[in-house]
Amino acid sequence: MTIPTPVSHPTPLSLLSDASSRLEKALQYVTLSKDALDRLKYPKAGLTVSIPVRMDDGSLRVFQGYRVRYDDTRGPGKGGVRYHPNVSLDEVQSLAFWMTFKCALLNLPFGGAKGGITVNPKELSRQELERLSRGYVDAIADFIGPDIDILAPDVYTNAMVMGWMMDQYSIIKRKASPGVVTGKPLALGGSEGRDTATAMGAFNVIKTLLPLFEQYPSNTTVAIQGFGKAGAALASLLDGAGYRIVAVSDSQGGIYAPQGLDIPKIRSYKRDRQSIQSLYCHDTVCDMGEQEIISNEDLLKLDVDVLIPAALENQITAANAADIRARYIFEVANGPTTSAADQILDAHGVLVFPDILVNAGGVTVSYFEWVQNRNGLYWTAEEVRDRLATRIVAEAKATWAIAQDHKISMRTAAYVHALNRLGQALDAKGTQDYYNQTP
Ligand code: GLU
């Protein structure tokens, strides 16, 4: 068994400076005690582990894994586990920071956490992936739990992986522990609607906010970067509602058709062939009409109404922000826009709807799954859908109202809203002012 090595000292926000600059902006509009601010500058705890995995050819490979709990004042840590070659402690810390604010923004009784393994899962067999996933849980088992820190899917992890993780934790603890992982297969205690929850949440936010600018399905063109779990499901929802999706892409590249793309066809093609770009003039999709092959970078610069980055972080940066022609950006990925890019977009009048609001549907239904696991009583798909819509629409409207009141960006408003809740929770344990008062 791997012995967990604690990170020598949690790294302060220096590497998260981009994320923390958002916090600084929001602070002007929040009354937050200095104590609370000091607490939020540092991740609460982090674990770096080595995970030895026996490969199918008999060799041994050792992978690096991480779990960071940023803050758990409002409840147990909550956040996904990412499998990606670029996963690093810095990235996991930033993602855990965002989870903290996302959970507070949606008023979920959770703190923020995140995990990851530095690996390209596409290079592993299914058996190797299972051994890696179980090995990760072996290594972090003492650091997580249904009341401590709850795992979930993220980039390149799915329900199958969550099932293995929950099973491994239950084996270690010698008792069924469904509440330690969310995003599990339905048959293993998963929730209805969790697989499409991120997309459904984003769809609700888009449907609520776009009409404020007189953008309706009939007069709105959309480009989506990323055709994974969230991007593809959102493309279907928007397409079904009548929005014109003119461009989509995946890690290999994308396609563009000003007259609109045939989303159901692309989804079935992608399911069979894995990559969208190979879809260009191949087999039956050639009859889909005029399409142009574009790169991920080109997609970001298209002349569309709505741009939806739904892949990875740092896609819209100071280098390309001035070239963005979309008027509205809905961030489905975590951290797709850097803070330098935010300023440029703002100056160009592009409205950015931030990740911690737009993609919060996933963790919201994770919360519902956790509640169902603890109660042993399961909800219908309709119940899940309605509860998600009610919650995320209310928080989207509240965030919009804060933005209007203070004349600030939606991003800053989202941090203000989340900080108000986080600050209250942190201050409820006592502040300098409280202790200095005579009883
Ligand atoms: N990985 C997702 C996110 O970034 C979901 C997290 C969760 O369900 O805990 O929001």
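Indexing begins at 1, ligand by ligand and atom by atom, following the structure's order. In what follows, every heavy atom counts, from backbone to side chain, and hydrogens, waters and symmetry copies are set aside.
Between F368 and W379, the ring planes are tilted. Angles from 30° to 60° get that label.
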_Derivation of the side-chain hydrogen bond (donor to acceptor under 3.5 Å, both in side chains) call for T221 and D305_ = CA-CA 5 Å; T221 53; D305 298 305; 3.2 Å; yes

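Shown in contact with P153 at under 4.0 Å from a heavy atom are these atoms of ligand 1, numbered in order with element: 1 (N), 2 (C), 5 (C). Of all atoms in ligand 1, listed by their number and element, those nearer than 4.0 Å to a heavy atom of K102 are 3 (C), 4 (O), 10 (O). Close contacts between ligand 1 and G79 involve ligand atoms 9 (O) [criterion: under 4.0 Å to a heavy atom]. Every atom of ligand 1 is numbered from 1 in the order shown, and the set under 4.0 Å from a heavy atom of M99 is 3 (C), 4 (O), 6 (C), 10 (O). Close contacts of ligand 1 with K114, meaning ligand atoms under 4.0 Å from a residue heavy atom, involve 1 (N), 3 (C), 4 (O). In the vicinity of D154, heavy-atom distances shorter than 4.0 Å reach the ligand 1 atoms 1 (N), 2 (C), 4 (O). Listed by number with element, the atoms of ligand 1 under 4.0 angstrom from any heavy atom of G362 are 8 (O).
In this structure, the ring of W370 has its center less than 6.0 angstrom from the ring center of F110.
Of the N or O atoms in N359, none lie within a sub-3.5 Å distance of an N or O in ligand 1. Taking only nitrogen or oxygen atoms, main chain and side chain alike, N334 reaches within less than 3.5 Å of ligand 1. Among the atoms of I150, none of the N or O lies under 3.5 angstrom from an N or O of ligand 1.
For the pair R69 and F143, the cation sits on the ring face: its NZ or CZ lies under 6.0 Å from the ring centre, inside 45° of the axis.
Residue contacts with ligand 1 for A360 are absent, since no atom lies close enough (heavy atoms, distance under 4.0 Å). When non-hydrogen atoms are compared, ligand 1 lies under 4.0 Å from neither the backbone nor the side chain of M162. At a heavy-atom cutoff of 4.0 Å, ligand 1 is contacted by the side chain of R194 but not by its backbone.
Using a distance-only test at 3.5 Å, with no hydrogens or angles considered, a donor-acceptor pair links the side chain of T157 to the main chain of D154. Distance alone, capped at 3.5 Å, places no donor-acceptor pair between the S177 side chain and the K173 backbone.
Of the protein's non-hydrogen atoms, the one nearest atom 9 (O) of ligand 1 is K78 NZ, 2.8 Å. Scanning all protein heavy atoms for the shortest distance to atom 8 (O) of ligand 1 gives S366 OG, 2.5 Å. Of all protein heavy atoms, the one lying nearest to atom 7 (C) of ligand 1 is A152 CB, 3.2 Å.
No option in R74, H417, E395, R391 other than R74 meets the side chain to side chain donor-acceptor pair (under 3.5 Å) test with N107.
Residues S339 and R22 bring no donor and acceptor atom of their side chains to less than 3.5 Å of each other. Between the side chains of K114 and Y66, no donor-acceptor pair is found at a separation under 3.5 Å.
To the nearest 0.5 Å, the span separating CG on L27 from CD on E24 amounts to 7.0 Å.
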